[in-house]
Asker: 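Structure in structure tokens, see below.
None of these values were measured; they are calculated from a predicted model.
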Amino acid sequence: MAPANRRPPLFGWLLALGVLLAACSGPVRPLGPTPATAPVAAPTLPPVPPGAMPADVPDTGWVSVAQGVERRRMLVTPPHAPDRLAPIHIARFDPAHTAFQVGYAPADPHLLSEWCNTGNPLAVINGGFFDEGYRSTALVIQDGVPSGSSYEGQGGMFAIDVAGVLSLRHLADQPYRPDEPLLEALQGWPMLVKPGSVLAYINPADSERARRSVIALDQAGRVLLIIAPTSDFTLQGLAQWLLMSDLAISSALNLDGGSSSGFCLNTPAYRERIDAFVPLPLVLLVVPR
């Protein structure tokens, strides 16, 4: 005797025919690429107004936020971390409309917010390295008064002379002379790009990634303050990226990175702050001319 749950063969043929008819009555897909493989036009990014720069915009482009002051934010791929997208914050200053002053207070280091809120500077960035007593490990010149000793070798120096002329030089090629008529100066290490857009820092064994702060001059003589606020760049990777970028870098100097990296921009049109994690005895301030 056949099992009680076995259906006659005709029932199976009818069921198969019903499934086939249902499949044929569904929507008909057009010939050609499916939606998953069809080419998609790249999105057009709208202009981003000052004060409204979302973090996911790959490149805001240069945005004017004051006379002689421009702002830009980018998401870039570091040369040594091709699987990452790292944020870069840049402010660019025209020396015809802005001036630069060194802030140095080893006996009373300030939080970045305090530096930013004192005297209404247009911008502030952390300076060079300092020791546990908040003393600069290199030469500092503030309002014509020098303190400390100059770096030699791979160090670099950003300076303004008494005539207001800016320079950013490699100390191995152009050492500091005590008789120079400098009004403001601070030093950092290492030099990333030598004057003339020449790669200055080459260390294939460099693998340490950290937050980075950079001061640079471009080929038009403008000053760039650059912050990489995440731990994605090695020093060599940052030097290489600066030269590969469209920033037209002529020279660039590494400042104190890691927990000391900090930056603020204060203009009527745009305000931004990237806090350092420690008090800062040494900063560079940008003020209106």
Asker: Would Glu208 and Thr234 count as a side chain to side chain donor-acceptor pair (under 3.5 Å) here? Give the steps.
Answerer: CA-CA 5 Å; Glu208 182 180 355; Thr234 64; over 6 Å; no
Asker: Counting C-beta onward and ignoring hydrogens, is there a side-chain heavy-atom pair between Tyr134 and Asp108 closer than 4.5 Å?
Answerer: no
Asker: In Å, rounded to the nearest 0.5 Å, how long is the span from OG1 of Thr267 to CG of Asn120?
Answerer: 12.0 Å
Asker: Does a side-chain heavy-atom distance below 4.5 Å link Met74 with Thr60?
Answerer: no
Asker: What do you reckon, is CD of Gln67 surrounded by more than 12 foreign heavy atoms closer than 6.0 Å?
Answerer: no
Asker: Return yes if some donor-acceptor pair links the side-chain N/O of Gln187 with the main-chain N/O of Tyr151 below 3.5 Å, else return no.
Answerer: yes
Asker: Less than 4.5 Å apart, side chain to side chain, heavy atoms only: is that true for Leu122 and Asn266?
Answerer: no
Asker: Is a donor on one side and an acceptor on the other found under 3.5 Å between the side chain of Asp206 and the backbone of Leu235?
Answerer: yes
Asker: What distance do Leu192 atom CG and His170 atom NE2 have between them, rounded to the nearest 0.5 Å?
Answerer: 10.0 Å
Asker: One pair to check against side chain to side chain donor-acceptor pair (under 3.5 Å): Thr137 and Asp131. What are the steps and the verdict?
Answerer: CA-CA 6 Å; Thr137 60; Asp131 61 22; over 6 Å; no
Asker: Nearest 0.5 angstrom please: Cys116 SG to Arg271 CZ, how far?
Answerer: 10.0 Å
Asker: Would you call Arg222 and Asp218 a salt bridge, using N to O less than 4.0 angstrom?
Answerer: yes
Asker: If you compare all heavy atoms of Ile227 against all heavy atoms of Pro229, which two are closest, and at what distance to 0.1 Å?
Answerer: O-CD, 3.5 Å
Asker: To the nearest 0.5 angstrom, please state how far the CG atom of Leu282 sits from the CG atom of Leu255.
Answerer: 8.5 Å
Asker: Scan the side chains in residues 79-88 for donor-acceptor partners under 3.5 Å anywhere in the protein, sequence neighbours excluded, and list what turns up.
Answerer:
unit_1	atom_1	unit_2	atom_2	d
Arg84	NE	Asp232	OD1	2.8
Arg84	NH2	Asp232	OD1	2.9

Asker: Cluster question for you: counting only ILVMFWY and a side-chain heavy-atom cut-off of under 4.5 Å, with indirect links fine, are Val283 and Ile125 together?
Answerer: no
Asker: Which atom names give the shortest non-hydrogen contact between Gly144 and Pro146, and what distance separates them?
Answerer: O-CD, 3.5 Å
Asker: Whether the side chain of Glu114 engages the backbone of Leu111 through a donor-acceptor N/O pair (distance < 3.5 Å, no angle test) should be reported.
Answerer: yes
Asker: Just by distance, do the side chain of Ser213 and the backbone of Gly257 share a donor-acceptor pair under 3.5 Å?
Answerer: no
Asker: Answer yes or no: is there a donor N or O on one side and an acceptor on the other, between the side chain of Arg211 and the main chain of Thr230, under 3.5 Å?
Answerer: no
Asker: Can you tell me how far the CH2 atom of Trp241 sits from the CD1 atom of Ile249, to the nearest 0.5 Å?
Answerer: 7.5 Å
Asker: Which pair of heavy atoms, one from Gly103 and one from Trp115, lies closest together, and at what distance?
Answerer: C-CH2, 3.8 Å
Asker: Once you round to the nearest 0.5 Å, how far does CG of Leu217 lie from CG of Leu247?
Answerer: 12.5 Å
Asker: How about Leu199 and Gln236: do any of their side-chain heavy atoms sit closer than 4.5 Å?
Answerer: no
Asker: Would you say the side chain of Ser260 lies within less than 4.5 Å of the side chain of Leu280, judging by non-hydrogen atoms?
Answerer: yes
Asker: Parallel, tilted or perpendicular: which one describes the rings of Trp189 and Tyr201, with boundaries at 30° and 60°?
Answerer: perpendicular
Asker: Please confirm whether Arg71 makes a cation-pi placement over Trp62, using NZ or CZ under 6.0 Å from the six-membered ring centre and within 45° of the ring normal.
Answerer: no
Asker: Taking all non-hydrogen atoms of both residues into account, name the closest pair between Ala172 and Gly153 and its distance.
Answerer: CB-O, 2.9 Å
Asker: Tell me whether Phe130 is reachable from Met157 by hopping between hydrophobic residues (I, L, V, M, F, W, Y) whose side-chain heavy atoms are closer than 4.5 Å.
Answerer: no
Asker: Is Leu285 reachable from Ile215 through a run of I, L, V, M, F, W or Y residues, each pair having side-chain heavy atoms under 4.5 Å apart?
Answerer: no
Asker: Output, in order, the C-alpha distance, side-chain angles, deciding distance and verdict of salt bridge (Lys or Arg N to Asp or Glu O under 4.0 Å) for Arg212 and Asp256.
Answerer: CA-CA 7 Å; Arg212 303 294 182 189; Asp256 194 358; over 6 Å; no
Asker: Is there a donor-acceptor pair under 3.5 Å between the side chain of Tyr104 and the backbone N or O of Ser136?
Answerer: yes
Asker: Ile274 versus Glu272: any side-chain heavy-atom pair under 4.5 Å?
Answerer: yes
Asker: Any side-chain heavy atom of Leu168 within less than 4.5 Å of one from Met191?
Answerer: yes
Asker: Can you give me the closest heavy-atom contact between Leu243 and Ser197, atom names plus distance?
Answerer: CD2-O, 3.7 Å
Asker: Run the salt bridge (Lys or Arg N to Asp or Glu O under 4.0 Å) test on Glu180 and Arg169 for me, step by step, so that the C-alpha distance in whole Å, both residues' side-chain angles and the decisive distance to 0.1 Å come before the verdict.
Answerer: CA-CA 14 Å; Glu180 293 183 57; Arg169 74 200 204 202; 2.6 Å; yes
Asker: Checking Glu70 side chain against Val63 main chain: does a donor-acceptor pair fall under 3.5 Å?
Answerer: no
Asker: Using only atom types and a distance under 3.5 Å, with no angle test, would you say the side chain of Glu184 pairs donor to acceptor with the backbone of Ala159?
Answerer: no
Asker: Is there side-chain contact between Phe263 and Val124, with at least one heavy-atom pair below 4.5 Å?
Answerer: no
Asker: State whether the side chain of Ser245 and the backbone N or O of Leu242 hold a donor-acceptor pair below 3.5 Å, judged by distance alone.
Answerer: yes
